[in-house]
Structures are given as structure tokens and as C-alpha cells.
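Everything on this sheet refers to the single structure shown next.
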Amino acid sequence: MPVLVKLKKTREAKGLSQNELARKTGYSLQNIQKIEQGRAASITFDALGRFCEVLECQPGDILEWRPNILMTKLGTHQMMRC
């Protein structure tokens with residue numbers, strides 16, 4: 001996926017543990033771990049908003065567009081057809 005989720009980096013920069021983030025956002029520890037390990041298929045705007053509120057950051061601090069990831073996986077020709 002060309003969108004990189006940088007939740008772990010942002011959380012650690014704010015000095016919070018996964019448990020603290022889970023408690024403050026209302027999400028389970030397992031869900032936080034899944035997102036941070038890149039095993040979550042998607043992230044909702046609600047979740048993104050809660051993370052931003054607790055971490056006092058902007059969505060761009062948590063999400064990063066990385067088109068090269070998709071181009072590397074698919075090849076330039078397939079990327080252009082999508």
C-alpha cells in the first residue's frame with residue numbers, strides 16, 4: 001500500500017506506550033499493535049482523529065504517501081494503468 005502508517009514513530013516521539021495510547025483512545029492494545037506492525041488493512045478517519053487528538057499531532061504526522069512503494073511492487077507500467 002502506498003500509504004505508510006507512522007503511528008509507532010509518532011507515539012514514541014510523544015513518549016507514550018502502546019498501552020497508554022490504547023487506554024486514551026479506547027482502542028484495544030491488539031488493534032494498536034496491528035496498526036503499528038502494518039497488519040491492518042485500513043484505518044478509519046475516526047481512528048486517525050483519535051490518534052491525532054491524543055498525540056497532539058496532524059494526520060500527516062501519522063500518514064505518509066509513498067508512491068515508490070507501489071511502483072516497486074507493481075512496476076512502473078502497472079502503476080500507470082491503475
[X] side, atom [atom1]; [Y] side, atom [atom2] - distance, nearest 0.5 Å:
{"X": "Lys14", "Y": "Glu20", "atom1": "NZ", "atom2": "CD", "value": "14.0 Å"}
{"X": "Glu12", "Y": "Ser17", "atom1": "CD", "atom2": "OG", "value": "10.5 Å"}
{"X": "Leu48", "Y": "Gln58", "atom1": "CG", "atom2": "CD", "value": "10.0 Å"}
{"X": "Asn31", "Y": "Arg39", "atom1": "CG", "atom2": "CZ", "value": "10.0 Å"}

Steps toward side chain to side chain contact (heavy atoms under 4.5 Å, CB included) verdict (Phe51, Ile35): CA-CA 12 Å; Phe51 294 142; Ile35 293 168; 4.0 Å; yes
Heavy-atom side-chain contact between Leu4 and Leu63 under 4.5 Å: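 No. Closest side-chain heavy atoms not under 4.5 Å.
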Student check: side-chain heavy atoms of Glu36 and Gln33 closer than 4.5 Å: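 Contact flag for Glu36/Gln33 side chains = no.
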Non-hydrogen atoms of Cys52 and Pro59 that approach each other most closely: SG-N, 3.5 Å
Nearest heavy-atom neighbours spanning Arg11 and Leu16: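 Closest heavy-atom pair between Arg11 and Leu16: NH1-O, 2.7 Å.
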Lys6 atom NZ: more than 12 heavy-atom contacts under 6.0 Å: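 Count over threshold, so yes.
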Exceeds 12 heavy-atom contacts within 6.0 angstrom, atom CD of Glu53: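 Check fails, neighbour count at 12 or below.
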Sidechain-backbone polar pair: Thr10 side chain, Asp61 backbone, donor-acceptor under 3.5 Å: yes
Verify same cluster id: Ile43, Leu29 (apolar side-chain graph, 4.5 Å): no
